[in-house]
Amino acid sequence: MPEFPKPYDAAITRYFETEAPKAIRKAIKRAGRDDVLSESYPYREELDRDDYTAAHDQLQIELVRLQTWVRETGARVAVIFEGRDAAGKGGAIQAITENLNPRGARVVALPKPSDVERGQWYFQRYVAHLPSAGEIVLFDRSWYNRAVVEPVFGFCTEAETAHFFAQVPEFEAMLVEDGIQLIKIWLTLGRAEQLRRFLDREKDPLKQWKVSPIDVGALEKWEAYAEAITEMFGKTHFAACPWTVIRADDKKRARLEVIRHILGRLPYAGRDARAIGEPDPRLTGGPEILPDENR
């Protein structure tokens with residue numbers, strides 16, 4: 001394959017070679033292709049491809065059954081995907097939607113707000129994308145930008161973040177009270193795995209579009225992200241709208257866990273409990289399963 005210029009003057013490679021913690025560089029250099037880098041992750045290697053495919057195919061049938069139920073009952077389903085950069089949000093969403101009817105399953109990935117949107121109530125532009133009857137909406141990032149990314153990078157004031165935290169419990173409670181099935185998923189991964197994925201994106205011309213200035217800037221802000229994430233969970237994890245944390249160091253296991261969790265949360269007709277299986281409690285749970293390096 002011919003060499004392609006790396007985006008942002010190879011800033012990710014430069015960080016890896018000169019600024020990344022020594023232990024992170026060592027873990028990446030010595031790892032085999034299927035090795036999991038995080039020492040706290042409960043599996044040392046990624047899930048076997050054949051095992052993944054077998055489980056994935058059964059879960060796809062269940063997702064189609066779920067969508068049929070949503071359409072027939074007029075249910076409204078909103079799933080929020082949040083997590084650190086490169087945690088696999090897009091891949092998990094693609095694994096959900098690949099066999100669904102796009103007329104009833106939308107993906108919402110909003111760009112930065114326009115000048116008009118910046119003058120509106122913060123939640124206003126997200127309200128416009130909430131599901132109608134019979135629809136599933138998957139948010140690839142959401143209003144929780146104001147809880148983590150924006151304060152970490154100084155895109156909002158402390159007062160604006162505090163105002164968000166004061167309003168979000170009532171906002172989400174209103175959605176649930178109105179009948180929306182709201183599911184909040186946080187994908188988490190270790191620092192070495194995140195950097196390995198960034199390096200892979202940087203060198204692959206088919207993935208370079210995923211690299212953004214935020215990704216580059218996030219490399220030096222691991223601890224700031226951890227503080228913001230801890231505060232977010234402390235202020236937005238409540239009974240009406242709990243967070244589900246899924247450890248995503250292995251993309252294949254994470255995608256299966258995401259689908260199982262969504263299927264398990266919704267009372268759709270004709271479910272095959274054996275096909276769905278049980279969530280892995282070592283990979284899926286509340287904020288308490290967040291690894292120490294992510295706190």
Exercise for review: Decide yes or no for Glu82 and Lys184: does some side-chain heavy atom of the first lie under 4.5 Å from some side-chain heavy atom of the second?
Suggested key: no
Check your understanding: If only atom types and distance count, is the side chain of Glu231 paired as donor or acceptor with the main-chain N or O of Val148 below 3.5 Å?
Key -> no
Exercise for review: Measure from NZ or CZ of Lys6 to the centre of the six-membered ring of Phe16 and say whether it is under 6.0 Å with the direction within 45° of the ring axis.
Suggested key: no
Review point. Does Glu160 use its side chain to pair, donor to acceptor, with the backbone of Thr157 at less than 3.5 Å?
Key: yes
Check your understanding: Do the side chain of Tyr15 and the main chain of Leu219 share a donor and acceptor less than 3.5 angstrom apart?
Key -> yes
Point to revise | Asp85 and its salt bridge (Lys or Arg N to Asp or Glu O under 4.0 Å) partner, picked from Arg141, Arg191, Arg197 | key: Arg141
Review point. Side chain of Gln208, backbone of Glu202: donor and acceptor closer than 3.5 Å?
Key: yes
Point to revise | Trp209 (side chain) donor-acceptor with Leu206 (main chain) under 3.5 angstrom | key: yes
Practice item. Using the salt bridge (Lys or Arg N to Asp or Glu O under 4.0 Å) rule, take Asp272 and Arg274 through it: C-alpha gap first, then chi angles, then the decisive distance, then the call. Key: CA-CA 5 Å; Asp272 183 343; Arg274 181 176 297 181; 5.8 Å; no
Point to revise | Sidechain-backbone polar pair: Asp9 side chain, Ala11 backbone, donor-acceptor under 3.5 Å | key: no
Exercise for review: Indicate the ring-plane relationship of His56 and Tyr52, choosing parallel, tilted or perpendicular according to the 30° and 60° boundaries.
Suggested key: tilted
Practice item. Return yes if some donor-acceptor pair links the side-chain N/O of Arg106 with the main-chain N/O of His129 below 3.5 Å, else return no. Key: yes
Practice item. Could you pull out the closest heavy-atom pair between Leu59 and Ile276, with the gap in Å? Key: CD2-CA, 3.7 Å
Check your understanding: Do other residues, nucleotides or ligands put more than 12 heavy atoms under 6.0 Å from the CZ atom of Arg103?
Key -> no
Review point. Counting only heavy atoms not in Glu158, do more than 12 fall under 6.0 Å of its CD?
Key: no
Point to revise | Chi angles and distances behind the side-chain hydrogen bond (donor to acceptor under 3.5 Å, both in side chains) call for Trp143, Glu172 | key: CA-CA 11 Å; Trp143 46 88; Glu172 293 181 356; 2.9 Å; yes
Check your understanding: Just wondering, more than 12 heavy atoms not from Glu39 lying within 6.0 Å of its CD?
Key -> no
Practice item. Verify the cluster assignment for Phe155 and Ile229: are they in a single hydrophobic cluster under the rule of side-chain heavy atoms below 4.5 Å apart? Key: yes
Exercise for review: State whether Tyr43 and Arg253 meet the cation-pi test: NZ (Lys) or CZ (Arg) under 6.0 Å from the six-membered ring centroid, and within 45° of the perpendicular axis.
Suggested key: yes
Check your understanding: Distance-only, no hydrogens or angles: does the Glu257 side chain make a donor-acceptor pair with backbone N or O of Pro279 under 3.5 Å?
Key -> no
Review point. Does the cation-pi check pass for Arg271 over Tyr268, that is, NZ or CZ under 6.0 Å from the six-membered ring centre and within 45° of its axis?
Key: yes
Check your understanding: Does atom CD of Glu288 have more than 12 heavy-atom neighbours, drawn from other residues, nucleotides or ligands, at distances under 6.0 Å?
Key -> yes
**Study point:** Stepwise salt bridge (Lys or Arg N to Asp or Glu O under 4.0 Å) check, Arg44 with Asp35
**Key:** CA-CA 6 Å; Arg44 300 308 338 134; Asp35 291 345; over 6 Å; no
Exercise for review: Check for a donor-acceptor pair, side chain of Arg76 on one end and backbone N or O of Asp178 on the other, with a separation under 3.5 Å.
Suggested key: yes
Practice item. For this output row, return yes or no: ring centroids of Tyr144 and Phe164 closer than 6.0 angstrom. Key: yes
Point to revise | Flag, side chain of Arg146 to backbone of Pro151, donor-acceptor distance under 3.5 Å | key: no
Check your understanding: Using the ring of each side chain (for Trp, its six-membered ring), is Trp243 parallel, tilted or perpendicular to Trp186, with breaks at 30° and 60°?
Key -> perpendicular
